[in-house]
There are 2 protein chains.
Amino acid sequence: MSDERRLTPRGQERRDQIIAFATARFASHGYHPTSVADIVDGLGVGKGVFYWYFDSKETLFSEILRSAQTDLRRRQLAASASVEDPVARLGAALRESVAWSAEHRELATLFDFALTDERFAPLIQAGRAALVDDAATAIRRAARTGRLGADDPELAAYAIFGVATILTAEFLHRRDGDPDAIADAVVTFCLRGIGAATPPRPVE
Amino acid sequence: MSDERRLTPRGQERRDQIIAFATARFASHGYHPTSVADIVDGLGVGKGVFYWYFDSKETLFSEILRSAQTDLRRRQLAASASVEDPVARLGAALRESVAWSAEHRELATLFDFALTDERFAPLIQAGRAALVDDAATAIRRAARTGRLGADDPELAAYAIFGVATILTAEFLHRRDGDPDAIADAVVTFCLRGIGAATPPRPVE
DNA sequence: GGAGAACTTGACCGATCGGTCAATTGGTGG
DNA sequence: CCACCAATTGACCGATCGGTCAAGTTCTCC
């Protein structure tokens, strides 16, 4: 039920099971159309199991969103932290986020839905703001060192986010394209968009 | 009920009323949480009224989506058809779509949700494809006449769509920014993104 | 082996859902 | 004034929703 409960390893496993199954159902059928009964039936357990691990369907969904966002941000930071040049760093972060999206196809749909529900939207916006802020910082640094348009860095950062989002959704998830090629396209378009020179080729 | 029914002027009015009210509720509370009972209660009419004009909640929503999309496309074409230069034409279309979004704040949320429901997603994707195709055509023409990166025009068109979508959502709808300034930012970023020269200033 | 915590069961609850329909009312043309 | 159709009413339907809970089972540790 409540926030923290001592879980045995078996309990942890069950909890993870629920999260995994619910995530898949939410993504494929939608949040509202997926009932708690669907989830427990799909897992072959009684309804009480669900409420032993989660307060409500709503808190489960929030937790899914939250952990997905922190996971993405962590990976993005890990991939770009060591890169010195701000433009290259931005490119690395972008490539990593495309790679992450390729590994978590379902989550984009969840994010989309969450944005349309007033209970979940603030969560998504906050997570998004964190990512955007990282990008904006890189752009600001690039503007100071090299030369870049004097555009609003935050606005440019959002634009970049938008490009990554839609190209990922359309070409990666819907058309099953090659993640590397898509990442290239995202980086090319965005670096040009902020007025940076043609992208330094991927480092690997 | 069914598809076509002779409607008196009074009937047309009622139908429009339902569409307007339902659109607002769907946008502010979400599709699923808005019940047919909510809609008819909000309008102060009996439940039968709803089913006199619409087959189901689902068809009503589909109609809202469809007419919104055709309206946007029509306006975009009207605003850009007369512009000869492909790059300028692209800019005009982008500006018009930002203006349209400013007049229809609610609809973005509806589109977002629709994308997450397998019943509605194809509708949105088709409408989106039409808009993207217009942009891709302009890009292709520009690439032939002037010089532009040899990037995939369709991919670039989707990227442009993504930029317009997110900047509109964040700066126009959420932060209530100035539509013209936002349109400028969209155009600047996107034209640079496709490798076109700094934008020709707005014509007005 | 026993006590207590972790875990599981599934019947049950009140509320609400989308949708139906027989009966009624309003308006209009003949 | 009547006939007819558009429009409206609201009680009603079966299904399903998120959530509860008393009871039972399994695990762990002393």
Side-chain angles (χ1 to χ4, degrees), chain A residues 1-23 25-26 28-65 110 113-114 117-120, chain B residues 1-23 25-26 28-65 110 113-114 117-120:
Chain A
M1 290 197 176
S2 88
D3 241 1
E4 311 286 315
R5 192 193 269 284
R6 290 243 181 276
L7 292 183
T8 64
R10 172 187 161 201
Q12 247 324 320
E13 220 169 292
R14 183 67 97 193
R15 209 181 122 94
D16 293 345
Q17 227 177 72
I18 295 173
I19 290 178
F21 187 84
T23 301
R25 286 287 295 208
F26 286 153
S28 63
H29 292 74
Y31 173 75
H32 289 296
T34 297
S35 65
V36 175
D38 285 337
I39 297 170
V40 295
D41 288 353
L43 253 30
V45 299
K47 206 177 210 180
V49 168
F50 183 94
Y51 290 97
W52 176 259
Y53 295 100
F54 301 97
D55 281 331
S56 66
K57 190 179 144 183
E58 185 178 337
T59 51
L60 164 61
F61 191 59
S62 293
E63 181 176 328
I64 291 172
L65 295 175
L110 262 45
F113 165 77
D117 187 304
E118 48 180 5
R119 289 169 303 177
F120 306 123
Chain B
M1 287 203 178
S2 87
D3 241 359
E4 313 285 314
R5 192 193 270 283
R6 292 244 180 275
L7 291 184
T8 65
R10 172 186 162 204
Q12 247 322 320
E13 220 169 293
R14 183 66 97 193
R15 209 181 123 93
D16 293 344
Q17 229 177 70
I18 295 173
I19 290 177
F21 188 85
T23 301
R25 285 289 294 210
F26 286 153
S28 62
H29 292 74
Y31 173 74
H32 289 294
T34 298
S35 65
V36 176
D38 284 338
I39 296 171
V40 295
D41 288 353
L43 254 29
V45 300
K47 204 176 208 180
V49 170
F50 183 93
Y51 289 96
W52 177 260
Y53 295 101
F54 301 97
D55 280 331
S56 66
K57 190 179 145 184
E58 185 177 336
T59 52
L60 164 61
F61 191 60
S62 291
E63 182 177 329
I64 292 172
L65 294 176
L110 262 45
F113 165 77
D117 187 305
E118 49 179 6
R119 288 169 303 177
F120 306 123

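Quick note on labels: first sequence line is chain A, next is B, and so on, each numbered from 1. Fair warning: this is a prediction, and the values are worked out from it, not measured in the lab.
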Do B:Ile64 and B:Tyr31 have side-chain heavy atoms sitting under 4.5 Å apart?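 Sidechains of B:Tyr31 and B:Ile64: no contact.
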Looking at side-chain heavy atoms only, is the closest gap between B:Phe21 and B:Asp38 below 4.5 Å?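 When only atoms from C-beta onward are counted, B:Asp38 and B:Phe21 do not touch, as no gap falls below 4.5 Å.
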Rounded to whole Å, please give me the gap between [atom1] in [X] and [atom2] in [N].
X	N	atom1	atom2	result
A:Glu13	C:dC7	CD	P	11 Å
B:His32	C:dT16	NE2	C1'	15 Å
A:Phe54	D:dT20	CZ	C1'	18 Å
B:Gln12	D:dA7	CD	C1'	14 Å

If you assign each of B:Gly48 and B:Lys57 to its closest nucleotide in DNA chain C, which residue comes earlier from the 5' end?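 The residue closer to the strand's 5' end, by nearest nucleotide, is B:Lys57.
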Identify the two heavy atoms, one from A:Ala114 and one from A:Phe61, that lie closest to each other, and give their separation to 0.1 Å.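 Between these two residues, the closest heavy atoms are CB-CE2, 4.2 Å.
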Hey, does B:Gly11 reach any base, or is it just sugar-phosphate, or nothing, if we go heavy atoms under 4.0 Å?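 Sugar-phosphate contact only - B:Gly11 comes under 4.0 Å of backbone atoms but never of a base.
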Counting only side-chain nitrogens and oxygens, does [X] get under 4.0 Å of the OP1 or OP2 atom of [N]?
X	N	value
B:Ser56	C:dG18	no
B:Tyr51	D:dA7	no
A:Arg14	C:dT8	yes

Residues in contact with DNA chain C, drawn from residues 36-47 of chain A - heavy-atom cutoff 4.0 Å: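 Result for residues 36-47 of chain A: A:Val45, A:Gly46, A:Lys47, sorted by number.
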Where the side chain of [X] is defined as all heavy atoms beyond and including C-beta, which of [options] is the nearest nucleotide?
X	options	answer
A:Arg10	C:dT8, D:dA6, C:dG19	C:dT8
B:Trp52	C:dT8, D:dT8, C:dG18	D:dT8
A:Thr8	C:dC7, C:dG19, D:dG18	C:dC7

Hey, do the aromatic rings of A:Phe113 and A:His32 have their centres closer than 6.0 Å?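 Yes, the ring centres sit under 6.0 Å apart.
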Under a 3.5 Å cutoff, is there a donor and acceptor pairing between the side chains of A:Gln12 and A:Arg15?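 A:Gln12 vs A:Arg15: no donor-acceptor pair found between side chains.
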